[in-house]
**Student:** 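My questions all concern the structure below.
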Amino acid sequence: ATKMAKSKFEYVRTYESEDYLLPNCWIVVRIDGKAFHKFSKKHDFEKPNDPRALHLMNRAASSVLNEYKDILIAYGQSDEYSFVFRKDTTLYNRRKTKITTYINSLFSASYVYFWREYFKDAKLKYPPCFDSRVILYPTDETLRDYLSWRQADCHINNLYNTTFWALVLKGGLTNAEAEQRLCGTLSSDKNEILFSEFQTNYNNEPQMYKKGTILLKKKIMHPFKNDKHKIVVLPLHEDLIQDDFWVKNSELLKL
Ligand code: ATP
Ligand code: ATP
Ligand code: MG
Ligand code: MG
Ligand code: MG
Ligand code: MG
């Protein structure tokens with residue numbers, strides 16, 4: 001950039017505050033769609049899970065992972081995505097606002113940019129927007145508990161929504177009646193309603209709906225150039241609450 005002479009207005013910069021994130025902590029950025037209950041209605045999302053919308057979320061998140069090398073893992077479900085940065089990242093000198101606003105705007109722009117690939121002729125009716133927050137986790141345990149919390153949330157909501165929409169779409173109940181019917185029920189009651197009234201074994205529902213999507217980076221051989229590696233973003237729909245996942249991907253917590 002060209003060097004400008006300082007103007008007498010320059011002092012207003014001192015009103016800006018510093019926002020460096022604490023060193024040596026896991027940095028998590030979570031984005032979440034604004035009023036997606038309404039957005040999903042306006043765009044005729046299939047209930048309870050529209051696979052087009054989930055794949056579009058995954059596509060937008062992948063473009064964020066491809067752009068930011070220091071994101072190790074991401075987890076998404078419904079209208080939200082969490083991005084986990086290496087503990088020792090020096091990205092933008094760990095400036096909180098830079099990190100959170102760039103992640104959010106790249107995600108949001110990608111969501112719009114790739115809309116047509118998933119929704120085809122179903123037009124985007126208005127610009128969607130997302131909120132974004134940054135959370136610091138000081139230990140591996142708290143980071144794991146964070147991701148477990150989001151995946152448990154996915155499970156609880158999906159079991160509820162799957163039962164709710166079975167009652168409405170197949171059982172002929174109104175939304176209010178279905179809500180009333182599910183009030184105070186346990187997980188086991190919902191599984192039982194699905195099984196005995198709708199011949200649905202919840203365990204056989206698609207993994208992406210039950211577990212959400214984990215995006216991991218894996219090194220593979222370059223398809224055309226010998227002895228060259230390529231980093232690819234791999235989507236997984238598995239449990240991350242149990243130790244298994246962390247043993248299988250043991251590099252994650254070492255980084
Ligand atoms: P940074 O990511 O640090 O903001 P930058 O390349 O965006 O880097 P800025 O200082 O924000 O740098 O400057 C924006 C640059 O974008 C300008 O220097 C100019 O080159 C270009 N630019 C922006 N708007 C226009 C425009 N309307 N017409 C031509 N060039 C433009
Ligand atoms: P807020 O602005 O507070 O986040 P919200 O309406 O976005 O409000 P959330 O708690 O974020 O509320 O829930 C997102 C809602 O978006 C879900 O309840 C569901 O109705 C809808 N939704 C998101 N993804 C899908 C999908 N793939 N298929 C169907 N519906 C979806
Ligand atoms: Mg600029
Ligand atoms: Mg919310
Ligand atoms: Mg939302
Ligand atoms: Mg949400």
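Both backbone and side-chain heavy atoms feed into the values below; hydrogens, waters and symmetry mates do not.
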**Student:** Of the non-hydrogen atoms in V112 and P128, which two are nearest, and what is the gap between them?
**Tutor:**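 Looking at all heavy atoms of both residues, the closest pair is CG2-CD, 3.8 Å.
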**Student:** Kindly indicate whether the side chain of F130, heavy atoms from C-beta on, has any atom under 4.5 Å from the side chain of Y81.
**Tutor:**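 Not in contact.
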**Student:** After noting the C-alpha distance and the side-chain angles of S108 and N104, does the key distance pass the side-chain hydrogen bond (donor to acceptor under 3.5 Å, both in side chains) rule?
**Tutor:** CA-CA 6 Å; S108 306; N104 189 4; 3.0 Å; yes
**Student:** Between the side chains of Y146 and S82, is a donor N or O closer than 3.5 angstrom to an acceptor N or O?
**Tutor:**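 Yes - a donor-acceptor pair under 3.5 Å links their side chains.
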**Student:** In terms of side-chain geometry, is the basic nitrogen of K123 or D121 positioned less than 4.0 Å from the acidic oxygen of its partner?
**Tutor:**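 Here K123 does not pair with D121 in a salt bridge, since their nearest N and O are not under 4.0 Å apart.
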**Student:** Evaluate whether atom CD of Q180 has more than 12 neighbouring non-hydrogen atoms of other residues, nucleotides or ligands under 6.0 angstrom away.
**Tutor:**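 No, not enclosed.
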**Student:** Would you please test T163 and L182 for side chain to side chain contact (heavy atoms under 4.5 Å, CB included) and show each step?
**Tutor:** CA-CA 8 Å; T163 316; L182 290 176; 3.7 Å; yes
**Student:** Under the side-chain hydrogen bond (donor to acceptor under 3.5 Å, both in side chains) rule, what do N204 and K210 come out as? Steps first, then yes or no, please.
**Tutor:** CA-CA 9 Å; N204 297 336; K210 289 185 296 180; over 6 Å; no
**Student:** Mind checking the CD1-NE2 spacing from I220 to H229? Nearest 0.5 Å is all I need.
**Tutor:**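 Rounded to the nearest 0.5 Å, the CD1-NE2 separation comes out at 10.0 Å.
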**Student:** Within a radius of less than 6.0 Å around NE2 of H37, do more than 12 heavy atoms belonging to other residues, nucleotides or ligands occur?
**Tutor:**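 For H37, atom NE2 is not crowded (no more than 12 foreign heavy atoms under 6.0 Å).
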**Student:** Would you kindly say whether W246 and D140 are connected by a side-chain donor-acceptor distance under 3.5 Å?
**Tutor:**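 Their side chains do not contain a donor-acceptor pair, so the 3.5 Å distance test is not met.
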**Student:** Are any non-hydrogen side-chain atoms of P235 and I214 less than 4.5 angstrom apart?
**Tutor:**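 No - every pair of side-chain heavy atoms lies 4.5 Å or more apart.
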**Student:** Under a 4.0 Å threshold between the charged nitrogen and the carboxylate oxygen, would E80 count as salt-bridged to R150?
**Tutor:**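 Yes, this pair counts.
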**Student:** Whether D243 and R144 form a salt bridge (side-chain N of Lys/Arg under 4.0 Å from carboxylate O of Asp/Glu) is what I want to check.
**Tutor:**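 Judged by the 4.0 Å cut-off on N to carboxylate O distance, R144 and D243 do form a salt bridge.
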**Student:** If you count every heavy atom of other residues, nucleotides or ligands that lies below 6.0 Å from E10 atom CD, does the total exceed 12?
**Tutor:**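 Correct, the count exceeds 12.
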**Student:** Around atom NZ of K217, are there more than 12 heavy atoms from other residues, nucleotides or ligands closer than 6.0 Å?
**Tutor:**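 Above 12, so yes.
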**Student:** Please work out which of the three classes, parallel, tilted or perpendicular, describes the rings of H43 and Y126, given edges at 30° and 60°.
**Tutor:**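 It falls in the tilted class, 30° to 60°.
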**Student:** Does the structure place the NZ or CZ of K47 under 6.0 Å from the centre of the six-membered ring of Y209, at an angle of no more than 45° from the ring's axis?
**Tutor:**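 Not flagged: K47 not positioned over aromatic ring of Y209.
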**Student:** Would E251 and K219 pass as an ion pair if we require N to O under 4.0 Å?
**Tutor:**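 Salt bridge flag = no for K219 with E251.
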**Student:** OG1/T90 to CG/D70 distance, rounded to the nearest 0.5 angstrom?
**Tutor:**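 Output value for this atom pair is 6.5 Å.
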**Student:** Quick one, W149 and D145 - any side-chain contact, counting heavy atoms below 4.5 Å?
**Tutor:**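 Result no, sub-4.5 Å side-chain heavy-atom pair not found.
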**Student:** With a 4.5 Å cut-off on side-chain heavy atoms, are L91 and I99 touching?
**Tutor:**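 Sidechains of L91 and I99: in contact.
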**Student:** Classify the angle between the aromatic ring planes of F39 and F36 as parallel (below 30°), tilted (30 to 60°) or perpendicular (above 60°).
**Tutor:**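 Because their plane-to-plane angle is under 30°, the rings of F39 and F36 count as parallel.
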**Student:** Is there a side-chain contact between R133 and I31 (heavy atoms, below 4.5 Å)?
**Tutor:**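 Side-chain contact under 4.5 Å: no.
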**Student:** Is the backbone of Y11 close enough, under 3.5 Å, to the side chain of T14 for a donor and an acceptor to pair up by distance?
**Tutor:**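 Yes, T14 side chain to Y11 backbone: donor-acceptor pair under 3.5 Å.
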**Student:** Validate the cation-pi geometry between R59 and F114: distance from NZ or CZ to the six-membered ring centre under 6.0 Å, angle to the ring axis within 45°.
**Tutor:**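 Ring-cation test returns yes.
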**Student:** Is the count of non-hydrogen atoms from other residues, nucleotides or ligands lying under 6.0 Å from K34 atom NZ greater than 12?
**Tutor:**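 Not more than 12 within 6.0 Å, no.
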**Student:** Above 12 or not: heavy atoms from other molecules or residues under 6.0 Å from NZ of K69?
**Tutor:**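 Count over threshold, so yes.
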**Student:** Using a strict threshold of under 4.0 Å (side-chain N to carboxylate O), is an ion pair present between E238 and K248?
**Tutor:**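 The answer is yes: the pair qualifies as a salt bridge.
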**Student:** If you measure from NE2 on H155 to CD1 on I241, what distance do you get to the nearest 0.5 Å?
**Tutor:**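 Answer for the NE2-CD1 pair, H155 versus I241, is 8.5 Å.
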**Student:** Is it the case that atom CD in E177 sees more than 12 heavy atoms from other parts of the structure closer than 6.0 Å?
**Tutor:**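 Result for CD/E177: enclosed.
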**Student:** Between N49 and N158, is any side-chain donor less than 3.5 angstrom from a side-chain acceptor?
**Tutor:**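 Present: a donor and an acceptor within the cut-off.
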**Student:** Testing the basics here: between Y75 and G212, what is the closest heavy-atom pair and its distance to 0.1 Å?
**Tutor:**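 Smallest heavy-atom distance, with atoms named: OH-CA, 3.6 Å.
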**Student:** What is the minimum heavy-atom distance between W26 and T139, and which atoms define it?
**Tutor:**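 The pair with the smallest heavy-atom distance is CD1-O, 3.6 Å.
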**Student:** Is any side-chain heavy atom of L215 closer than 4.5 Å to one of S62?
**Tutor:**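 S62 vs L215: side chains touch.
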**Student:** Taking atom OH of Y68 and atom OH of Y92, what is their separation to the nearest 0.5 Å?
**Tutor:**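 It is 3.0 Å, given to the nearest 0.5 Å.
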**Student:** Going from NZ on K230 to CZ on F224, what distance comes out if it is rounded to the nearest 0.5 angstrom?
**Tutor:**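 Answer rounded to 0.5 Å: 8.0 Å.
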**Student:** Is there a side-chain contact between F164 and N175 (heavy atoms, below 4.5 Å)?
**Tutor:**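 Side-chain contact under 4.5 Å: yes.
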**Student:** Is any side-chain heavy atom of K190 closer than 4.5 Å to a side-chain heavy atom of Y202?
**Tutor:**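 No, side chains not in contact.
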**Student:** Go through it in stages, so that I can follow the logic: the residues are F107 and Y113, the test is ring pair (Phe, Tyr, Trp, His ring centres under 6.0 Å), and I'd like the CA-CA distance, side-chain angles, deciding distance and then a yes or no.
**Tutor:** CA-CA 10 Å; F107 183 92; Y113 187 78; over 10 Å; no
**Student:** Atom NZ in K87, atom CD1 in I27: separation rounded to 0.5 Å?
**Tutor:**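 One finds 12.0 Å between NZ of K87 and CD1 of I27.
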